[in-house]
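Reminder, nothing fancy here: chain letters follow the sequence lines and each chain counts from 1.
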Protein chains: 2
Amino acid sequence: MSTITDVARVAGVSVATVSRALRGLDRVSPATRQRVLEVAAELQYVASPTATSLASGRTRVVAVCAPFLSRWFFATLVSAIEKELRSQDHHAILFDLENDDYHSRLPLTQNMLWKRVDGIIALDVTMTDEEIDLLDRLGLPVVAIGASIPGRPCVRIDDSAAMRTAVEHLIGLGHRRIAYIGDVPPHVPHVRTPRDRIHAFTDVMAEADLPVEPSWVLGSDWTAQAAAADSAAVLTGSPRPTAIVAASDEMAIGVRETARRLGLRVPQDVSVVGIDDFQLSDVLGITTVRQDVTAQGRAAARLLLDRLLEDRVCTGDLVLPTELVVRESTGPAPSD
Amino acid sequence: MSTITDVARVAGVSVATVSRALRGLDRVSPATRQRVLEVAAELQYVASPTATSLASGRTRVVAVCAPFLSRWFFATLVSAIEKELRSQDHHAILFDLENDDYHSRLPLTQNMLWKRVDGIIALDVTMTDEEIDLLDRLGLPVVAIGASIPGRPCVRIDDSAAMRTAVEHLIGLGHRRIAYIGDVPPHVPHVRTPRDRIHAFTDVMAEADLPVEPSWVLGSDWTAQAAAADSAAVLTGSPRPTAIVAASDEMAIGVRETARRLGLRVPQDVSVVGIDDFQLSDVLGITTVRQDVTAQGRAAARLLLDRLLEDRVCTGDLVLPTELVVRESTGPAPSD
DNA sequence: CTGAAAGCGCTTACAG
DNA sequence: CTGAAAGCGCTTACAG
């Protein structure tokens, strides 16, 4: 493959001129530029990104960090981010911070980032103090999605509002005995979203003068599997809740499946609502509060690119709207 | 941040010595190495990957290319690949080749690859002749997953065998009127898997002397949504199939949902089987032929690393086993 | 065992 | 408008 020197030689100009012509800088005569462009095309010249990076100090690469990669929410974000970055000639390098268990994750290190990326998009990763220090030292711009990072812009939804919408939907249907699944132990690192959602749940219940039965507030690792298993006790108990709100659609799906398996009709016997509008929520008829995950990924990438390309810095959060989507999994509360 | 020159100066040696010491090459005295290590740690020195790449010609970055990124199969592969690569100090850069429609994808270009990556892992991408030329010209090692690429190693399952297993399971349960969903138009670029699966279906049916009703062979874009919609006609027709085999679990889920919505019991009235063991297949009780997607991703990454690190070249395909997992969505054929 | 020097392939002031 | 030269921060023969 040819280098800039080859192009310069064939075009009969200096490498400096080739560099300027190819990057569209001014102070190159139209004729020269034309000639350089032709030669470059002919030689199938593509600048070495590695050499460009060393000389310019910019890699045009962005680190995308997430506590998991294979889950729908994160995979959807990654896909959106990658496309947006590429549209501006940037690339995404991946860091799956998943550890052996749900309750911890791998730390970000200087090795991952230093001179390797121009910036970071953090998908729902709550940073430790050491990590924040590192980011400061490296001077890397960061955009967060979901969990916010002190002093950095964050793209997210209003988790409280989303949960309010879900619970108020149930209350509006006449439900009074409502269970909750999706509580998370206090030491879990990715916490804002779970916490906001459960707080909104208890707030709305209190405002409506409805009791929150402690044994009806279930922990979970936020998988459909765990939700299916954990909800069985509540669904077989007596009295039984007439509705269950799940902090995510995947959990809602697990709960609905368990309900059916126990012979309960959804929604006639028990209503189930989630949050997300997960990939399968529409076919499965899950009532949910939709968030636009692709839009969040795109927005975060754009925020970072604005910073990188035009040094336009955004502070504060970008909060995207959510929307109630009523499907078959919720209905009027059964009369006792 | 400090450079190799800083470390050399503080340690009182040349940069060449620092380079050797840090990379664990021999011909460095233990005392010197020790001293260099200490200084490097003290200065928090991390070598610039960009400079290392330019000098060494190796980027330690691998391109992971896929026609979609947000679907479970691909996201699971990406996660497994990223972890395996990182365990060997390599990184994954992502290329989501998704286009506006299911039937085409973005092409691989020299711009994406040249001097940017050391190798490529292609997730179910059927290469065009131009792309194969490009890969030859660039001399980049490639490992495929799913769809194979002429002359390159490929990690996959035996799609025919997997489908045979699924269909034979149904036949063993006494089903004779069996429909199929997951056929793909001939011009779709990612084709081997769909084609192998449907051929296996018709083969097994023929061997069992069972008719394949053309109107019971349904096309699909392999989403649960499309499967849910497309299967309605077959499920409301008369006669009705007693079983439907879906080329993927996501389609099976869509079919099962439509069946239930139409008032059919699964599996008493109609059995549904898929292939994959998708993330939600266990909670939803979908009988399936399981493939280990994580193992495939890991194996592909390892194959590529073997090639990159030890120039150990593998030719031919690595075929991983599949396994029937019987759950609630299949049962004995109803007596007419 | 260690160092001086060339080289990787670009970009970027600085002259002209 | 164009070129010569320094520099980005490493690695790698080559001497010694």
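DNA chain D is contacted by A:T32, A:L54, A:A55 of residues 32-57 of chain A, taking any non-hydrogen atom closer than 4.0 Å. Contacts between residues 10-21 of chain B and DNA chain D, defined by a heavy-atom separation below 4.0 Å, involve B:A16, B:S19, B:R20, listed by number.
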Exercise for the section: Convert the base pairs of DNA chain D into dot-bracket notation, remembering that pairs crossing earlier ones are written with [ ] and that bases paired across to another strand are shown as |; include only Watson-Crick or G-U pairs under 3.5 Å. Expected result: |||.||||||||.|||

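Inspection of the B:Q44 and A:R137 side chains reveals an N or O donor paired with an N or O acceptor under 3.5 Å. For the 3.5 Å distance criterion, the side chains of A:E38 and A:Q34 qualify, holding a donor opposite an acceptor. Side-chain atoms of B:S19 and B:R23 include a donor-acceptor pair closer than 3.5 Å. Residues A:S14 and A:T17 have side chains that bring a donor and an acceptor to within less than 3.5 angstrom of each other. Checked by atom type, the side-chain pair A:T32/A:S29 shows a donor-acceptor distance below 3.5 Å.
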Practice task
Go through the steps for B:D317 and B:R192 under the test salt bridge (charged side-chain N to carboxylate O under 4.0 Å, His left out), then give the verdict.
Solution key: CA-CA 14 Å; B:D317 290 5; B:R192 205 213 17 92; over 6 Å; no

Exercise for the section: Give the intermediate values and the outcome of side chain to side chain contact (heavy atoms under 4.5 Å, CB included) for residues A:V78 and A:L123. Expected result: CA-CA 9 Å; A:V78 168; A:L123 314 185; 3.9 Å; yes

Practice task
I would like to know whether B:L320 and B:Q291 meet side chain to side chain contact (heavy atoms under 4.5 Å, CB included); could you show each step before the answer?
Solution key: CA-CA 8 Å; B:L320 300 192; B:Q291 61 172 320; over 6 Å; no

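For the atom pair A:I121 CD1 and A:L77 CG, the distance stands at 9.5 Å (nearest 0.5 Å).
Put simply, chain B comes within 4.0 Å of DNA chain D, heavy atom to any atom, from D:dG9 to D:dA13, going 5' to 3'.
A:L69 is not listed as a side-chain neighbour of A:E98, based on a closest heavy-atom distance of 4.5 Å or more.
Applying the salt bridge (Lys or Arg N to Asp or Glu O under 4.0 Å) test to A:D133 and every residue at least two apart in sequence or in another chain returns nothing.
Contacts classified as side-chain hydrogen bond (donor to acceptor under 3.5 Å, both in side chains) and involving residues 54-64 of chain A (residues at least two apart or in different chains) are given here: A:T59-A:D118.
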